[in-house]
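One structure is given here, and the rest of the page talks about it.
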Amino acid sequence: MNSLYEKLCRISTAVLKPIVENVVLFCTLNVMLMLPQSMSMNMTWSIIFKSACFNSCVIYFVLALKYLKIRNSYLVGRILHYIAVVFLVMLSLVNVFLFKNFAAVLHTYIIQLIAETNNQESSEFAGTYIFTWSTALLVLGYIVALVITYLLQHFLYKISMPKIKAWYHKCSPIILLLSVGIVVVPTIRNLKWLGPSYNNNFFGGRECLGSNPIFLLANAIWQNEGESYQYDICADVCESIEIDSCSYNSPNIVLIIGESYIKSHSSLYGYKLKTNPRLSQLDNLYVFNDVISYVNLTSVCFKNFMTCASTDDKDVEWCDAPLFPAVFNKAGYNVIFWTNQFVTSIRRTWAEPDATMFDKPRISAACFDHRNSTTYINDGGIIDDYKKCRNEIEDSTNNLVIFHLIGQHVSCSDRYPEAQTHFTTDDYAYRKDLSVQEKQAVAEYDNATLYNDSIVSEIIHMYKDKDAVVVYFSDHGEEVYDFQHRMGRMYDFKEVGAPVFHAQLDVPFMVYVSNKYKQLHPEQTEAIASSVNRPFMTDDISHMLMELAGIHTKWYNPKRSLINKDFNTHRRRIVYNRSRMEYYDYDQYCNTSVK
């Protein structure tokens, strides 16, 4: 009996060896992984316990690598061990950085955003957020913590292990049994939430693991891999569109999609500084007052407003309905997509198989007759580029031209030519709450907004003598020290409330009609003019565009068309909080929360 127990003691001691000999590192890594989680949501003791168990199992395998022996050598195992340690530390560091700057954690949409970013955007992001004193201090804090950990581990093991060795050896089977029952079993149960069926897994797993960094990262990778299937469905639907009829009511429809435009920074909506001097002088410009976006990430916005499906369609994904450019293409329109972000030449990474749906050859072919292949640091470049080939790619009739701008995307100082700088810190003397650096950031944003005014006006000018209608809206808003000392997009709306909703989801929306269009289509023009105060969400823009064109198909719903007499003004506008993975009724929340 004693010999059997002794064997159990030797086996248990060997199994527990990675933790016992590295107990300080084990605790440090667990604390590091719990740190971003504790910052990002209201923790419960149940979530803390289950997440700590989950982390402990992962950390155990990382520590066990140190004792992996290959061909009588521990070298490979130790190299893998240190790589894994660095990975877990970096995972914690990145999540703390994201929460500190954006109130976000590393979930699927952050990985999606990283995957979409090109070299230019990466450089701008680094200059704005990474190469700062606060980030340097954060990194230094992690380095100091690791140094202290390894020093403590060395001395603690050297001093304490001889004293507890005999006691620990005899008790090791009991310790191992308790560890398996308390830590391993709950973790195995939670493994069911890891898998490619992300939406169901995330919400179920969140109840068990909260915002656990390892859980979020694993599911983010699985979801991004699984999105390829959605793209295939989208391509199938776009290739099988049936059009009942098309009257070509609007021979030339121009859609301009802006980027990161804070509605309250537009003088068309009452901003103190004149950021829209050109647009404000236009006749036949109809400015809509109550339009919002569903979410504040460009790629997700594009899926939602390009598809004919709506975000509140029951049991319908964005890919289950065709993209409206494909509908127009099938109806006989010449469809042109000129973008300063999603050109086909930008490299893509493993993190998002296609980065944007338009990189799928089948989807692109179904949607567009012409596309550009070059981006520019500001939007003047793509307008000049388009003018050079405009006569070659536009038809004499029936064109849908989509311009996608870089707009006011970070870094704003690069979004306009230096020679066109207009606003300076002196223009914000009334903002006593801002530092000089913050005033400079606001000035740069407003200069980018002023430059955007010139770009949109120039596009409108290109079509002012044609039978044309021009629609402009931004994908989402932004924050530039508007009501808190924060710049960029804050991903947790609920933390602040209505001000965040208004800054990041309220978007400028306007429609211009040429004099010729107004004369030839008086009823359509009147419908536009009478709709400026209707509540609208941009995920339904496809229905408005199909009505302008006179396209009739099963995908068109007049109750969702902003300018239709049967438009549903009582639709609940449900928006998405990406940090908490929660949905809110925009109008109800903004009317009941403190503004």
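One-based numbering along the sequence shown.
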Please assess Tyr269 against Asn276 for the test side-chain hydrogen bond (donor to acceptor under 3.5 Å, both in side chains), listing each intermediate value before the final yes or no.
CA-CA 10 Å; Tyr269 292 94; Asn276 297 113; over 6 Å; no

Worked verdict on Asp587 versus Arg573 for salt bridge (Lys or Arg N to Asp or Glu O under 4.0 Å)
CA-CA 7 Å; Asp587 298 293; Arg573 296 189 289 181; 2.6 Å; yes

Should the pair Phe536 and Phe567 be assigned to parallel (<30°), tilted (30 to 60°) or perpendicular (>60°) ring geometry?
tilted

Aromatic plane relationship, Phe324 with Phe328 - under 30° parallel, 30 to 60° tilted, over 60° perpendicular
perpendicular

Considering all heavy atoms, the nearest Lys464-Ser514 contact:
O-CB, 3.4 Å

side-chain hydrogen bond (donor to acceptor under 3.5 Å, both in side chains) between Asp467 and His521: does it pass, once the steps are laid out?
CA-CA 9 Å; Asp467 182 2; His521 312 282; 3.1 Å; yes

Over all atoms of both residues, closest heavy-atom pair of Ser364 and Phe358
CB-O, 3.5 Å

Pair Ser266, Tyr271 - check side-chain contact (heavy atoms from CB on, under 4.5 Å), show working.
CA-CA 5 Å; Ser266 167; Tyr271 189 50; 5.6 Å; no

I'd like to check Ile253 versus Val401 (side-chain heavy atoms, cut-off strictly below 4.5 Å). Are they in contact?
no

Are the charged groups of Glu458 and Lys387 less than 4.0 angstrom apart, N to O?
yes

Using 0.5 Å steps for rounding, measure from the CZ atom of Phe509 to the OG atom of Ser293.
12.0 Å

Charged N to carboxylate O below 4.0 Å: is that the case for Glu239 and Arg362?
yes

Report the C-alpha distance between Asp540 and Arg571 in whole Å, list the side-chain angles of each, state the deciding distance to 0.1 Å, and finish with yes or no for salt bridge (Lys or Arg N to Asp or Glu O under 4.0 Å).
CA-CA 11 Å; Asp540 277 344; Arg571 177 199 179 188; 2.9 Å; yes

Could you walk me through whether Glu259 and Thr298 satisfy the side-chain contact (heavy atoms from CB on, under 4.5 Å) test, starting with their C-alpha distance in whole Å, then the side-chain angles of each, then the deciding distance to 0.1 Å, before giving a yes or no?
CA-CA 8 Å; Glu259 167 72 52; Thr298 298; 3.1 Å; yes

Are the ring centres of His370 and Phe337 closer than 6.0 Å?
no

For Phe501 and Tyr589, run ring-ring contact (aromatic ring centres under 6.0 Å, His included): C-alpha distance rounded to whole Å, both residues' side-chain angles, the deciding distance at 0.1 Å, then the answer.
CA-CA 9 Å; Phe501 280 74; Tyr589 193 84; 4.8 Å; yes

Salt bridge (Lys or Arg N to Asp or Glu O under 4.0 Å), that's the test. Do Lys360 and Asp232 meet it? Break it down for me.
CA-CA 9 Å; Lys360 292 289 283 186; Asp232 290 337; 3.3 Å; yes

For a quick test of reading the model, state the closest non-hydrogen atom pair linking Cys308 to Ala321 and the distance between them.
C-CB, 4.0 Å

Show the numbers, then the answer: is there a side-chain contact (heavy atoms from CB on, under 4.5 Å) between Ser264 and His502?
CA-CA 8 Å; Ser264 61; His502 291 307; over 6 Å; no

Evaluate the criterion side-chain contact (heavy atoms from CB on, under 4.5 Å) for residue pair Lys554 and Glu242; output intermediate values, then yes/no.
CA-CA 8 Å; Lys554 71 175 184 177; Glu242 293 184 2; over 6 Å; no

Roughly how far, to the nearest 0.5 Å, is the CG atom of Asp506 from the CD1 atom of Ile262?
11.0 Å

Going through the checks in order, is the ring-ring contact (aromatic ring centres under 6.0 Å, His included) test met by Tyr333 and Tyr248?
CA-CA 9 Å; Tyr333 272 80; Tyr248 306 103; 5.5 Å; yes

Sidechain N-carboxylate O distance under 4.0 Å for Asp313, Arg560
yes

For Gln408 and Glu478, which I'm curious about, is there any donor-acceptor pair between the side chains at under 3.5 Å?
no

Flag side-chain contact, heavy atom, 4.5 Å: Ile393 against Trp338:
yes

Measure the shortest side-chain to side-chain distance between Val469 and Tyr512 over non-hydrogen atoms and say whether it is less than 4.5 angstrom.
no

Locate the shortest heavy-atom distance separating Ile563 from Leu548; write the atom from each residue and the value.
CD1-CD2, 3.6 Å

Taking the six-membered ring of Phe403, is the NZ or CZ of Arg390 close enough (under 6.0 Å from the centre) and on axis enough (within 45°)?
no

Working to the nearest 0.5 Å, report the span between CG of Leu400 and CD1 of Ile336.
8.5 Å

Could you measure the distance from the CD atom of Gln420 to the CG atom of Asn378? Nearest 0.5 Å is fine.
8.5 Å

I'd like to check His476 versus Leu297 (side-chain heavy atoms, cut-off strictly below 4.5 Å). Are they in contact?
no

Reported CD-to-OG distance for the pair Glu444 and Ser413, which is rounded to 0.5 angstrom
4.5 Å

Take Lys466 and Asn252, measure what side-chain hydrogen bond (donor to acceptor under 3.5 Å, both in side chains) needs, and give me the verdict at the end.
CA-CA 8 Å; Lys466 286 182 170 289; Asn252 295 285; 5.2 Å; no

Would you say the ring centers of Phe305 and Phe302 fall short of 6.0 Å from each other?
yes

Below 4.5 Å, heavy atoms only, C-beta onward: do Ile243 and Val327 meet side chain to side chain?
yes

Smallest separation among heavy atoms of Cys301 and Val295, with atom names:
SG-O, 3.1 Å

Nearest atoms (heavy-atom pairs only) where Val316 meets Ala309
CG1-CB, 3.9 Å

Asn304 vs Thr311, side-chain hydrogen bond (donor to acceptor under 3.5 Å, both in side chains): CA-CA, chis, key distance, verdict:
CA-CA 7 Å; Asn304 290 324; Thr311 54; over 6 Å; no

Pair Thr397, Asp395: side-chain N/O donor-acceptor within cut-off below 3.5 Å:
no

If the plane angle is over 60° it's perpendicular, under 30° parallel, otherwise tilted; pick one for Tyr556 and His552.
perpendicular

Atom OG1 of Thr538 and atom CG of Leu562: how far apart are they, to the nearest 0.5 Å?
11.0 Å

On the 0 to 90° scale, with breaks at 30° and 60°, tag the Tyr583-Tyr294 ring pair as parallel, tilted or perpendicular.
tilted

